[in-house]
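In what follows, residues are counted from 1 in the order of the sequence shown.
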Amino acid sequence: HCSSAVFHCQRSIMPWKPPPQPKCARCEKSVYPTEKFNCLDQIWHKPCFNCDVCHTKLTMSSYRGFDRRPYCKTHYPEGKATQVAETPETLRLKKQTERQSVVKYHQAYEEDK
């Protein structure tokens with residue numbers, strides 16, 4: 001009789017909680033094993049795995065990942081060309097390249113005479 005009172009007391013202090021489920025990368029709700037989809041190092045609900053732009057449903061063979069986000073082929077972000085900063089070294093190399101180009105052009109011109 002006394003042991004059941006202790007059990008009751010412990011139960012009221014520490015109620016049982018289910019283990020936490022991972023969250024969907026799109027909707028941030030719990031993802032249970034039956035609806036789990038792993039891709040781009042993240043977990044998704046199968047219906048939530050769609051293009052970030054047009055929300056077209058994607059599959060493992062149709063998606064294109066960029067910055068850990070899924071895109072369809074149409075909306076896949078293209079890499080932008082970066083501009084090189086003009087440092088003293090890059091300016092020196094640029095001048096050297098121009099000089100070499102002028103020298104080679106002049107040599108070719110002289111040979112063609």
Is it true that, when you exclude K57 itself, more than 12 heavy atoms of the residues, nucleotides or ligands shown sit nearer than 6.0 Å to its NZ?
yes

Kindly confirm or rule out a cation-pi arrangement of R64 over Y76, judged by NZ or CZ under 6.0 Å from the six-membered ring centre and within 45° of its axis?
yes

How far apart are the closest heavy atoms of R69 and W44, and which atoms are they?
NH1-CH2, 3.8 Å

How far apart are the closest heavy atoms of L58 and P70, and which atoms are they?
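Heavy atoms of L58 and P70 come nearest at CD1-CB, 3.7 Å.
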
Measuring from atom CG of L40 to atom OH of Y71, what distance do you get when rounded to the nearest 0.5 angstrom?
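Atom-to-atom, L40:CG and Y71:OH are 10.0 Å apart.
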
Within the structure provided, determine whether C72 and Y63 are in side-chain contact (heavy-atom separation under 4.5 Å).
no

What pairs of donor and acceptor atoms, side-chain ones from residues 24-31 against any protein atom, are under 3.5 angstrom apart with sequence neighbours left out?
residue: R26; atom: NE; partner: C48; partner atom: O; Å: 3.2
residue: R26; atom: NE; partner: N50; partner atom: OD1; Å: 3.3
residue: R26; atom: NH1; partner: D52; partner atom: OD1; Å: 2.5
residue: R26; atom: NH2; partner: N50; partner atom: O; Å: 2.5
residue: R26; atom: NH2; partner: N50; partner atom: OD1; Å: 3.1
residue: R26; atom: NH2; partner: D52; partner atom: OD1; Å: 3.0
residue: S30; atom: OG; partner: K23; partner atom: NZ; Å: 3.1

Applying side-chain hydrogen bond (donor to acceptor under 3.5 Å, both in side chains) to T59 and not counting sequence neighbours gives S61, S62

Pairwise ring pair (Phe, Tyr, Trp, His ring centres under 6.0 Å) hits with a residue in residues 21-42, at least two apart
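Qualifying pairs, neighbours excluded: F37-F49.
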
Can you list every pair that meets salt bridge (charged side-chain N to carboxylate O under 4.0 Å, His left out) and has a residue in residues 36-46, with sequence neighbours left out?
none

